[in-house]
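Step one of this worksheet: look at the structure below.
All values reported here derive from a predicted model rather than from experimental measurement. Whatever order the structure lists ligands and atoms in, that order sets their numbers, starting from 1.
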Amino acid sequence: MNGLHTSIIGRAMEKGLLSIDATDIRDFAENKHNRVDDYPYGGGAGMVMQPGPVYRAFQAVTKDCEKKPRCIYLTPQGRVFDQRMAEEFAKEEELIFLCGHYEGIDERVLEMIVTDPVSIGDYVLTGGELPAMVMIDTISRLVPGVLNNEESAGQESHQGHLLEYPQYTRPDVFEGREVPAVLLSGHHKNIETWRRQQSLLRTRAMRPDMFEQVELTKADRKFLDSLTDEQGE
Ligand code: ADE
């Protein structure tokens with residue numbers, strides 16, 4: 001699992017907060033060339049991963065588990081991954097990520113071991129490894145202790161159905177562009193209001209689907225109405 005050993009997730013692994021192991025399904029082939037794929041019954045393009053090696057790999061990985069862990073199969077045909085799913089998975093002690101290649105995996109072994117078919121979005125990758133890493137990164141940062149307190153403050157982004165407001169740091173003028181004055185005012189109530197308003201505007205512009213789910217306060221409505229009034233609508 002190269003790529004997960006750096007930065008925040010790497011530190012969490014060193015601290016023993018989580019461990020990630022990769023298993024090569026080819027090690028469970030029972031032929032000279034470690035082949036795990038074959039032609040699809042019924043014809044068609046591409047190769048299909050055989051059930052045997054996948055099943056044996058799963059048995060080997062889960063043999064010491066007290067209860068069978070959830071097995072996530074990365075596939076464009078799965079339920080689309082989101083923050084809520086990540087929160088659910090973060091509660092589990094152990095998770096298996098089954099990464100397919102080629103045209104797919106023999107359906108019979110999927111029926112036997114997969115509990116959660118998951119897609120990371122409506123596009124097709126060449127294999128499940130990158131999607132698995134996306135999921136592992138997202139889930140890991142929800143494990144208690146992985147983020148320090150400062151980092152976890154920014155975690156709310158998708159939970160309250162609002163996108164994050166814009167952030168600024170020094171200098172207060174960059175290439176002639178000023179930091180919004182309210183942020184320099186020290187007036188905490190006004191800053192909080194401004195940030196909420198920015199989040200509302202961003203969410204409405206970028207993610208109308210999410211915006212529909214937002215529980216607007218009276219103040220939110222007043223603010224949004226004031227904008228449409230200004231535009232003479
Ligand atoms: N494998 C190939 N494409 C994928 C996707 N979008 N999500 C999960 N696994 C995949």
Side-chain angles (χ1 to χ4, degrees), residues 1-9 13 18-29 34-62 68-143 146 155 157-159 161 163 206-210 213:
M1 279 287 166
N2 276 333
L4 287 170
H5 285 270
T6 54
S7 188
I8 293 171
I9 307 303
M13 287 165 71
L18 41 104
S19 69
I20 305 168
D21 296 302
T23 298
D24 189 350
I25 291 170
R26 285 167 66 100
D27 293 345
F28 297 86
N34 293 344
R35 281 196 59 165
V36 294
D37 61 327
D38 208 331
Y39 296 100
Y41 277 124
M47 303 294 273
V48 178
M49 275 171 85
Q50 295 173 287
V54 175
Y55 190 68
R56 288 191 290 277
F58 179 79
Q59 295 293 9
V61 167
T62 58
K68 279 269 175 271
R70 285 168 83 167
C71 176
I72 297 162
Y73 174 44
L74 288 307
T75 167
Q77 279 131 48
R79 251 179 74 203
V80 177
F81 187 50
D82 62 14
Q83 194 65 26
R84 225 170 254 141
M85 262 165 110
E87 283 159 25
E88 279 305 307
F89 288 131
K91 294 178 192 156
E92 299 289 327
E93 199 58 43
E94 284 168 310
L95 290 169
I96 308 284
F97 293 86
L98 173 59
C99 306
H101 252 264
Y102 319 106
E103 287 306 298
I105 300 180
D106 187 288
E107 190 68 20
R108 291 165 294 181
V109 71
L110 298 178
E111 289 167 5
M112 290 166 80
I113 67 173
V114 173
T115 56
D116 301 86
V118 178
S119 162
I120 61 159
D122 289 338
Y123 41 82
V124 182
L125 293 103
T126 56
E129 288 82 359
L130 282 172
M133 284 168 72
V134 167
M135 287 189 67
I136 291 167
D137 189 278
T138 310
I139 295 164
S140 297
R141 67 189 282 289
L142 300 176
V143 171
V146 170
Q155 224 177 280
S157 188
H158 277 130
Q159 290 170 0
H161 299 298
L163 298 182
M206 304 304 290
R207 293 295 303 273
D209 57 318
M210 265 168 73
Q213 310 293 320

Atoms of ligand 1, numbered as shown, that sit under 4.0 Å from any heavy atom of Leu74: 8 (C), 9 (N)
So, Arg56 side chain and Phe28 main chain: donor-acceptor pair closer than 3.5 Å or not? yes
Has ligand 1 got any nitrogen or oxygen that is less than 3.5 angstrom from a nitrogen or oxygen of Val124? no
What are the atoms of ligand 1, with element, lying closer than 4.0 Å to any heavy atom of Pro131? 8 (C), 9 (N), 10 (C)
Any side-chain to backbone donor/acceptor pair from Thr115 onto Cys71? Under 3.5 Å, distance only. yes
Working to the nearest 0.5 Å, report the span between CD1 of Ile120 and OG1 of Thr75. 11.5 Å
Using heavy atoms and a threshold below 4.0 Å, how should the contact between Asp122 and ligand 1 be classified: side chain, backbone, both, or neither? neither
With a cut-off of 4.0 Å, which atoms of ligand 1 are near a heavy atom of Val118? 8 (C)
Give a yes/no verdict on whether any heavy atom in Thr126 is under 4.0 Å from an atom of ligand 1. no
Taking atom 4 (C) of ligand 1 as the reference point, the nearest protein heavy atom with its distance: Leu125 CD1, 3.7 Å
Numbering as shown, the atoms of ligand 1 that approach Gly121 to under 4.0 Å (heavy-atom distance): 6 (N)
Find all atoms of ligand 1 within a distance of less than 4.0 Å from any non-hydrogen atom belonging to Tyr123, and give their numbers and elements. 3 (N), 5 (C), 6 (N)
Crowded around Asp122 CG? As in, over 12 foreign heavy atoms under 6.0 Å? no
If you measure every N or O of Gly128 against every N or O of ligand 1, does any of those distances drop under 3.5 Å? no
Please determine if Asp82 and Arg84 form a salt bridge, counting it only when a charged side-chain N lies under 4.0 Å from a carboxylate O. no
Atom CE of Met112 and atom CD of Glu107: how far apart are they, to the nearest 0.5 Å? 12.5 Å
Go through ligand 1 atom by atom and flag the ones less than 4.0 Å from a non-hydrogen atom of Pro76. 1 (N), 2 (C), 3 (N), 4 (C), 10 (C)
Which residue owns the protein heavy atom closest to atom 7 (N) of ligand 1, what's the atom, and how far is it? Ile120 N, 3.0 Å
Measure across Asp116 and Arg70 and return the closest heavy-atom pair with its distance rounded to 0.1 Å. OD2-NH2, 2.9 Å
When rounded to the nearest 0.5 Å, the distance separating CD1 of Ile136 from CG of Leu95 is 8.5 Å
